[in-house]
There are 4 protein chains.
Amino acid sequence: MKGPDVAHISHVEMLTPKAAESLEFFENVLGMEVEATEGGSVYLRGWGDYQRWTLKLTESNTSGLAELALRAWDEEALARRVAAIERSGYGEGWIDGDVGHGRAYRFRDPDGHVFEIFHEVERYVAPERLKPSLKNQPQKYTARGAAIKRLDHVNVLAADVRASREFCVDVLDYRLHERIELDDGTEAGAWMSTSIAAHELIYTKDAHGARGRLHHVAFWVDTREECLRAADIFLDNDVYIEAAPSKHAIAQGFFLYGYEPGGNRVEVTTGGYFMFDPDPEPVVWTEAERALGQAWRVKTVEAFHTYGTPPVE
Amino acid sequence: MKGPDVAHISHVEMLTPKAAESLEFFENVLGMEVEATEGGSVYLRGWGDYQRWTLKLTESNTSGLAELALRAWDEEALARRVAAIERSGYGEGWIDGDVGHGRAYRFRDPDGHVFEIFHEVERYVAPERLKPSLKNQPQKYTARGAAIKRLDHVNVLAADVRASREFCVDVLDYRLHERIELDDGTEAGAWMSTSIAAHELIYTKDAHGARGRLHHVAFWVDTREECLRAADIFLDNDVYIEAAPSKHAIAQGFFLYGYEPGGNRVEVTTGGYFMFDPDPEPVVWTEAERALGQAWRVKTVEAFHTYGTPPVE
Amino acid sequence: MKGPDVAHISHVEMLTPKAAESLEFFENVLGMEVEATEGGSVYLRGWGDYQRWTLKLTESNTSGLAELALRAWDEEALARRVAAIERSGYGEGWIDGDVGHGRAYRFRDPDGHVFEIFHEVERYVAPERLKPSLKNQPQKYTARGAAIKRLDHVNVLAADVRASREFCVDVLDYRLHERIELDDGTEAGAWMSTSIAAHELIYTKDAHGARGRLHHVAFWVDTREECLRAADIFLDNDVYIEAAPSKHAIAQGFFLYGYEPGGNRVEVTTGGYFMFDPDPEPVVWTEAERALGQAWRVKTVEAFHTYGTPPVE
Amino acid sequence: MKGPDVAHISHVEMLTPKAAESLEFFENVLGMEVEATEGGSVYLRGWGDYQRWTLKLTESNTSGLAELALRAWDEEALARRVAAIERSGYGEGWIDGDVGHGRAYRFRDPDGHVFEIFHEVERYVAPERLKPSLKNQPQKYTARGAAIKRLDHVNVLAADVRASREFCVDVLDYRLHERIELDDGTEAGAWMSTSIAAHELIYTKDAHGARGRLHHVAFWVDTREECLRAADIFLDNDVYIEAAPSKHAIAQGFFLYGYEPGGNRVEVTTGGYFMFDPDPEPVVWTEAERALGQAWRVKTVEAFHTYGTPPVE
């Protein structure tokens with residue numbers, strides 16, 4: 001089958017100044033598995049991730065997103081996108097692979113976030129203790145903590161949302177589903193995807209005008225009940241809850257937001273809608289519409305609009 | 001964005017010998033809206049369908065599936081698929097459009113089911129009484145009956161599953177995710193999709209060796225709780241429940257199966273997994289593995305393997 | 001079996017200055033059934049209420065709670081409680097019954113809310129169109145709107161919470177499960193029940209020091225998913241949502257709060273805990289603990305602490 | 001507050017010939033906590049149990065229920081019930097307490113099951129590592145495995161259901177909510193409770209005519225989603241699933257049945273209805289009505305009607 005040139009987000013690398021506490025969070029609160037440990041980084045996976053890992057946790061003196069990796073549909077798609085990136089002037093060149101994936105092409109978005117794109121990956125093969133009962137599932141359901149299934153989407157901050165959104169649409173061939181346009185014409189947010197998922201890559205405006213920062217990384221659970229349950233787990237494990245479970249107006253995702261010990265915002269998410277329409281008109285939200293709050297008219301806490309990682313000086 | 005040539009199943013036409021009772025079922029038990037009525041047919045939609053309608057209910061002297069329509073990604077994709085279909089020898093030619101969509105190319109699969117493919121569709125615009133509160137939703141959530149959101153997938157029966165599956169993969173560019181291969185080499189079922197959804201088009205073996213029959217049409221709800229609730233609704237509205245809510249092993253979908261008054265099997269479905277991997281190895285289930293039953297080791301009722309519409313003589 | 005003298009809250013009478021709109025809300029948004037209409041009042045029921053009705057909606061020039069009725073366990077329990085009420089000085093005397101229940105004894109709590117207590121009630125017998133499939137269920141599950149199951153609990157406001165709470169415990173034999181005590185010793189809330197339900201009758205402090213007002217009447221659904229779904233229904237039916245679905249710290253109930261068109265606050269509720277312990281020590285929440293917000297650290301909107309019906313002059 | 005003389009089932013003692021594997025099941029699959037270990041027995045608790053423990057797991061050469069303990073409402077209620085038991089001729093006398101409860105009166109039901117009744121219990125005080133965030137919750141929500149909240153109900157088998165049911169109603173003051181009466185007048189099942197819960201103590205007919213056997217012990221979770229999730233956990237931990245999640249017609253409880261490694265049937269349960277009516281007419285199910293299957297017309301697997309522990313010779 002032919003598909004979009006960018007198949008999906010393959011992994012993220014997250015920085016943390018509190019490596020041990022962050023690992024404890026991802027392993028026991030979110031319930032991920034450690035698949036590999038190498039050079040100061042721990043590679044983690046959800047029970048439903050088909051690749052070996054989707055989160056690389058790296059000790060650092062600060063927090064934030066070190067890298068966002070895309071998987072190309074096939075080698076031809078990879079070549080097409082690399083050519084487009086090089087034409088855009090944002091390319092940086094080929095680099096070696098990492099645990100579980102082959103050589104990759106590195107680039108930056110206009111805001112400065114580091115991306116890479118590759119096609120070749122290793123598929124996960126569960127060791128005996130993690131063998132699943134159903135053969136269409138990569139791993140046993142361990143049921144530990146919030147037991148997130150897989151990496152779902154990434155929301156980065158940008159000083160200039162429109163520039164990065166246009167780069168994603170024009171150069172990476174993302175499809176824009178929804179965006180926010182303020183009264184003065186500023187683009188305050190853009191929700192994009194290359195699949196029927198309502199969003200996979202989100203840009204929102206950095207309130208501090210900083211560059212290259214992270215808003216949040218989102219992990220999927222299959223049901224809203226698991227989001228509610230995750231809130232109980234966050235509460236009883238002293239994880240800071242920034243926003244209790246509720247429903248977004250934009251993209252209609254169901255959410256729970258908290259901060260992992262390293263300071264990065266993490267979402268447990270589910271729901272939303274599927275975009276089956278191949279050529280939809282993007283939904284544009286005005287400033288007045290955004291002022292109505294989330295789906296059920298809850299006002300989002302202020303920090304949600306201002307906090308990102310790493311911290312701004 | 002570029003996508004698969006076949007974007008999704010656009011609609012189905014279902015035949016019923018009990019038009020009034022069937023309409024009552026789809027409108028008040030499943031909770032769909034009547035969008036149009038024309039020439040003995042009623043055109044219905046779920047509150048989340050982006051097109052004007054997805055189910056055409058047509059009075060007939062029997063039951064079954066009259067037509068399965070695919071929406072092509074764009075005009076180029078349409079031209080490509082029509083050329084491939086014509087090369088396959090299964091093409092029948094261009095026909096006029098219907099309510100809400102433009103001209104279409106008609107063809108049959110090797111088993112004889114009638115298909116059509118087109119690109120041009122009208123998007124739904126809700127009348128005042130059905131205006132939604134959220135602008136990224138096509139219609140108000142009416143909350144009537146099971147309140148299904150949209151058409152999800154179709155499962156047809158075939159005398160020769162492999163032949164039709166190969167047609168879908170080779171000619172329509174579907175991707176095969178899972179299939180059943182019996183000990184004697186017979187292909188007993190094939191689950192295919194052109195999106196990250198685990199299945200959209202399913203073929204299973206017709207136990208009677210008949211051709212062109214329907215196994216079921218499935219309608220989506222967002223949560224398993226809505227499937228459970230739908231079972232209560234079926235029960236209290238005297239809808240025959242063939243299989244109470246549970247989880248399939250294949251594709252891991254959560255299901256409720258019943259028969260609408262015209263005799264056609266209908267599913268209320270949710271869940272399953274997303275196939276983000278662009279080049280997955282299809283999962284092949286053996287006869288022994290199938291004998292284990294559904295995901296939670298429930299044996300499926302016998303009728304599920306033998307009943308289809310229209311009835312065989 | 002012997003049980004508590006007060007079996008449960010039998011019904012409430014709610015006043016509304018917008019009778020038609022309020023009826024539309026309770027019938028089509030909450031999904032209740034009209035069981036009787038008499039003298040400017042409409043008597044409504046949830047599909048799971050065993051009595052004929054639990055909500056009497058009465059047109060008035062204002063909003064608020066006209067009456068809260070308790071069902072005594074048996075005639076002896078009724079006699080015992082009436083004697084205790086008379087001793088307390090709050091009794092007003094016997095009155096005739098109403099639709100579906102026999103003669104009742106009328107009294108007021110120290111805050112001035114009108115109560116009545118009786119034992120004899122008519123049990124609901126469903127007409128043909130509302131016959132349930134399961135014989136242990138009083139009525140068909142109509143699945144209309146939020147489809148609330150039954151009246152659950154009532155929260156009244158009081159100028160002096162402690163006085164009314166002591167009356168309920170000492171005179172009505174309620175059991176106190178949780179309460180709030182402010183730093184200055186004021187009792188700001190009391191959660192009581194006569195069953196294993198964590199709360200059935202709640203008093204919270206009237207921010208205006210007014211008397212006899214209503215905070216909210218709560219209707220039960222069996223699942224949190226139904227609360228979430230009810231929020232979508234409120235949204236798409238222009239019902240004002242005061243607090244989107246979340247979880248209370250006190251009593252741990254899951255909630256959705258809105259205002260019915262007459263202005264009265266209504267809750268759709270589920271969850272909480274069961275109090276099996278026959279002699280529990282009441283949980284006392286301090287001012288500092290309350291400042292942490294709800295279960296998941298959400299701050300309750302200000303109106304929740306100040307708004308009640310009828311409006312204060 | 002005055003309540004029923006029997007407040008609730010306080011604990012059960014379960015026998016297992018595979019102590020280590022059974023402990024592994026209750027601790028890691030059901031997610032209970034070990035509160036004490038003494039003399040070949042392990043005392044376990046759910047995170048929501050207010051007492052120190054509710055399940056005593058004792059190594060033995062066979063399986064089954066060693067004891068079912070009731071907590072009396074207060075000392076007067078205890079004295080009343082002991083007097084009634086002694087009058088019935090089924091009393092055996094006072095015995096010392098066990099871990100966490102005071103002296104108890106031992107007796108047998110007419111079928112020979114060992115019971116005890118007491119009032120005095122120790123309430124659970126969580127150690128530091130299990131301190132909950134909400135003070136109205138006895139323990140942190142550990143989120144391990146199915147994470148059952150508490151012991152819910154017990155279903156024992158009896159050669160003569162009616163005799164034991166009458167004993168429970170007449171001598172223990174249980175209230176009968178539902179029962180099955182076969183065409184020949186045999187009572188095949190009885191569902192009783194002393195609270196608003198639809199059932200707490202169930203007797204069903206022993207298909208082998210044996211005495212003193214166990215059908216199942218049920219543990220509560222708050223949501224149906226947790227029952228569905230528990231089925232995934234059972235599956236991936238090789239726990240035998242006898243009946244996948246579905247809904248009972250009788251009492252309308254939602255269930256998942258499996259066998260713990262020692263052979264005892266265990267249920268993960270939620271849902272059902274509350275019986276607020278103090279003097280309900282018991283629902284009587286006929287043989288024909290039972291033949292319709294469970295709530296959603298699923299036929300129960302045969303073993304459910306024949307299997308119990310210990311095995312019959």
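To find a chain, count down the sequence lines: A is the first, B the second, and so on, and within it residues start at 1. Note: hydrogens, waters and symmetry copies are ignored here, and every other heavy atom, side chains too, is used.
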Could you tell me whether C:Tyr259 and C:Tyr307 have their ring centroids closer than 6.0 angstrom?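 Aromatic pair counts; centres sit under 6.0 Å.
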
Minimum-distance pair of heavy atoms, taken over all atoms of C:Ile241 and C:Leu235: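 Nearest pair, atom of C:Ile241 first, then C:Leu235: CD1-N, 4.2 Å.
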
On the 0 to 90° scale, with breaks at 30° and 60°, tag the C:His248-C:Phe255 ring pair as parallel, tilted or perpendicular. tilted

Answer whether the closest heavy-atom distance between the side chains of C:Arg165 and C:Met192 falls below 4.5 Å.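 They are in contact (side-chain heavy atoms under 4.5 Å apart), so the answer is yes.
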
Non-hydrogen contacts under 4.5 angstrom with chain C: give the residues of residues 266-299 of chain A involved, or none if there are none.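 If one takes a 4.5 Å heavy-atom cut-off, the residues of residues 266-299 of chain A near chain C are A:Ala295, A:Trp296, A:Arg297, A:Val298.
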
Examine A:Arg224 relative to A:Phe254 and say whether NZ or CZ is less than 6.0 Å from the centre of the six-membered ring and inside a 45° cone about the ring axis. yes

So which of C:Asp232, C:Leu228, C:Val301 has the largest heavy-atom pair count under 4.5 angstrom toward chain A? C:Leu228

Indicate yes or no for a side-chain donor-acceptor contact from A:Arg144 to the backbone of A:Met32 under 3.5 Å, with no hydrogens or angles considered.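 Answer holds: yes.
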
